[in-house]
Each structure stands twice: as C-alpha cells, then as structure tokens.
Amino acid sequence: MTRKFFADEQVIEMNLVSDFKKLINEKLRKDYQQNFLPASITCLFPDRLKVTEEVEIRPRGQFRRGECDIPPIIINFKTANSKSLKKLGRLKLVSPCGNAPYYEQLVLKEYLAYKIYNLLTAKSFRVRLVKMSYRDIKEKIKPQKMYAFFIEDVDDMAKRSNCEEIKTGSFQNVQTNRGHTTLVSLFQYLIGNTDWSIPAYKNLKPYVLKLIV
C-alpha cells in the first residue's frame with residue numbers, strides 16, 4: 001500500500017480528530033518523541049473509498065515544533081486497531097505553520113520542491129498531497145482545514161533505492177559521492193535553501209549503497 005500511496009498524484013481528503021489542545025500544550029516536552037496521543041483519521045481516497053481508523057500522533061521537528069500554531073506531527077498508522085492503513089507505518093506530515101493563506105502557500109511550494117527533486121533523482125523522498133481537516137476532540141480550538149503532505153518513510157526510501165541509512169558517524173562533503181552531492185548542492189541553490197548541511201546531518205539523510213554479493 002505504501003508504494004501505491006506515494007505513486008498516485010490525486011489529493012486525498014483526510015479528517016484527523018485528536019486532543020490538539022493537549023498536543024500543543026505538550027509539544028515542547030523533553031520526551032515528545034515518545035509522547036503519542038490517540039487519534040482517529042478518516043481518509044476519502046480518489047476512488048471514493050472511505051476508511052476510518054484509530055491512529056496515534058505526536059509532535060516532531062525542531063524549529064517548527066516550537067514556533068507553529070499546530071506543530072508538525074508524525075502519524076503512526078500501525079496500531080492495534082488498524083487494519084487497512086497499518087502498512088503505511090509511521091509517516092511525517094508537513095502542515096502550515098499558521099492559519100493564514102500565506103502559510104498554506106509555503107507548504108504547497110515545499111511540496112513542489114520535493115516533486116521537482118523526484119524528477120532529478122530516484123534517490124529522493126516521495127510525497128503525497130492531502131487536504132487535511134483538524135478537529136479538536138474537546139472542541140477547545142477552532143477546526144481547521146488546509147493542504148498538507150506526507151513524506152515517504154526513511155526505510156521505505158532506502159529499500160526502494162537499494163541503500164541503507166547512515167545513522168552514526170561524521171562525514172564531510174569530500175567523503176560523499178561527488179556527482180550526487182553536486183546535484184544536491186545545485187538543487188538547494190535552485191530553490192534558495194541554505195538551511196542544510198552534510199556534516200551536521202541537517203535537513204538531509206545520508207545513505208550508503210548496499211553491496212550486491
């Protein structure tokens with residue numbers, strides 16, 4: 001299901017219900033990576049198939065987690081009560097940082113940056129655009145509906161590209177594949193992004209090709 005989910009282009013309508021007031025109040029907890037909250041998600045797929053299942057959500061990120069009205073989240077589709085959506089695993093959701101249309105436009109531009117990079121290399125994260133409705137289960141914050149997008153899981157991208165993620169160690173630019181690093185650098189320049197670094201592992205994922213023996 002994960003492969004088809006990111007291969008399709010049509011927008012999916014989704015409705016996410018959870019205790020968003022609690023999510024916002026606890027987004028800066030030191031244990032935020034383990035602080036999952038129960039949620040319910042309803043997905044209306046382009047073929048009109050409608051699926052509602054129980055999931056879990058938690059905040060993620062660094063700067064946006066602290067600054068955004070509703071922080072970026074990870075949705076864990078693989079729960080005890082999940083049936084149809086569990087193969088999606090855990091996915092990052094990129095959403096607007098505020099309610100103004102300006103923030104939604106920024107998300108759409110970020111989505112298009114991913115799609116452009118997909119055209120340049122298969123060793124890139126695929127994304128899926130959704131129209132997401134957020135509803136606080138206790139009705140303590142106003143419902144919101146805006147564009148957002150999911151990012152392909154790290155392990156799925158690595159498997160698809162016959163790679164393994166490098167999770168430890170320190171690397172300089174000269175230790176990487178020159179051709180691919182040049183492509184990355186030119187693309188970051190093209191989209192005007194200076195917030196990335198290979199030695200700091202910032203806003204990128206280092207990989208090594210698997211050897212076939």
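These values consider heavy atoms only, across backbone and side chains, with no hydrogens, waters or symmetry-generated copies. Count residues from 1 along the sequence.
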So, Glu54 and Thr79: side-chain donor and acceptor under 3.5 Å apart, yes or no? no
Please answer whether the main-chain N or O of Ala122 pairs with a side-chain N or O of Arg160 as donor and acceptor at a distance below 3.5 Å. yes
The residue among Ile74, Asp153, Ile75 that forms side chain to side chain contact (heavy atoms under 4.5 Å, CB included) with Lys92 is Ile74
Leu93 to Ala148 - nearest heavy-atom pair and separation: CD1-CB, 3.9 Å
Describe, in one word, how the ring planes of Phe150 and Phe5 are oriented to each other, choosing from parallel (under 30°), tilted (30 to 60°) and perpendicular (over 60°). perpendicular
On a heavy-atom basis, which atom in Tyr32 and which in Pro59 lie closest, and how many Å separate them? CD1-O, 3.4 Å
Nearest-0.5 Å distance that lies between atom CD1 in Ile151 and atom CE in Met157: 12.0 Å
Would a hydrophobic clustering, with Ile, Leu, Val, Met, Phe, Trp and Tyr connected at side-chain separations under 4.5 Å, put Ile191 with Phe149? no
Is any side-chain heavy atom of Leu129 closer than 4.5 Å to one of Tyr147? yes
Do you know the tightest heavy-atom contact between Trp196 and Ile198? CZ3-CG1, 4.0 Å
Lys/Arg N to Asp/Glu carboxylate O, Glu110 vs Arg64, below 4.0 Å: yes
To the closest 0.5 Å, what do you measure between CD (Glu139) and CZ (Phe20)? 13.5 Å
Are the charged groups of Glu104 and Lys131 less than 4.0 angstrom apart, N to O? yes
If only atom types and distance count, is the side chain of Asn203 paired as donor or acceptor with the main-chain N or O of Asp195 below 3.5 Å? yes
Aromatic ring proximity Phe125/Tyr114, centre distance under 6.0 Å: no
Could you report the tightest heavy-atom contact between Leu16 and Met132, atom names first, then the distance? CB-SD, 3.9 Å
Does Asn25 use its side chain to pair, donor to acceptor, with the backbone of Lys21 at less than 3.5 Å? yes
Nearest heavy-atom approach of Ile73 to Arg60 is O-NE, 3.3 Å
Got a sec: does the NZ of Lys115 have more than 12 other heavy atoms crowding it under 6.0 Å? yes
Taking the side chain from Lys27 and the backbone from Cys68, do they hold a donor-acceptor pair closer than 3.5 Å? yes
I'd like to know if the side chain of Thr121 reaches the main chain of Lys123, judged simply by a donor and an acceptor atom lying under 3.5 Å from each other, with no hydrogens or angles considered. yes
Shortest non-hydrogen contact between Pro199 and Ser197, atoms and distance: CD-OG, 3.3 Å
Look at the rings of Phe187 and Tyr117 and say which category their plane angle falls in: under 30° parallel, 30 to 60° tilted, over 60° perpendicular. tilted
Anything under 3.5 Å between a donor and an acceptor, one on a side chain of residues 34-52, the other on a protein residue two or more places apart or in another chain? List them.
from  : atom 1 : to    : atom 2 : distance (Å)
Asn35 : ND2    : Glu26 : OE1    : 3.0
Thr42 : OG1    : Thr52 : OG1    : 2.9
Asp47 : OD1    : Leu49 : N      : 3.0

Does Lys159 come within less than 4.0 Å of Asp155, counting only side-chain N to carboxylate O? no
Min side-chain heavy-atom separation Gln144-Asn99 under 4.5 Å: yes
Short N-O contact, Lys138 and Asp136, less than 4.0 angstrom: no
How long is the span from the CZ atom in Arg58 to the CG atom in Asp31, to the nearest 0.5 Å? 10.5 Å
To the nearest 0.5 Å, atom OG of Ser18 lies from atom CZ of Arg135 at 10.5 Å
Is there a donor-acceptor pair closer than 3.5 Å between any side-chain N or O of Ser82 and the backbone N or O of Lys78? no
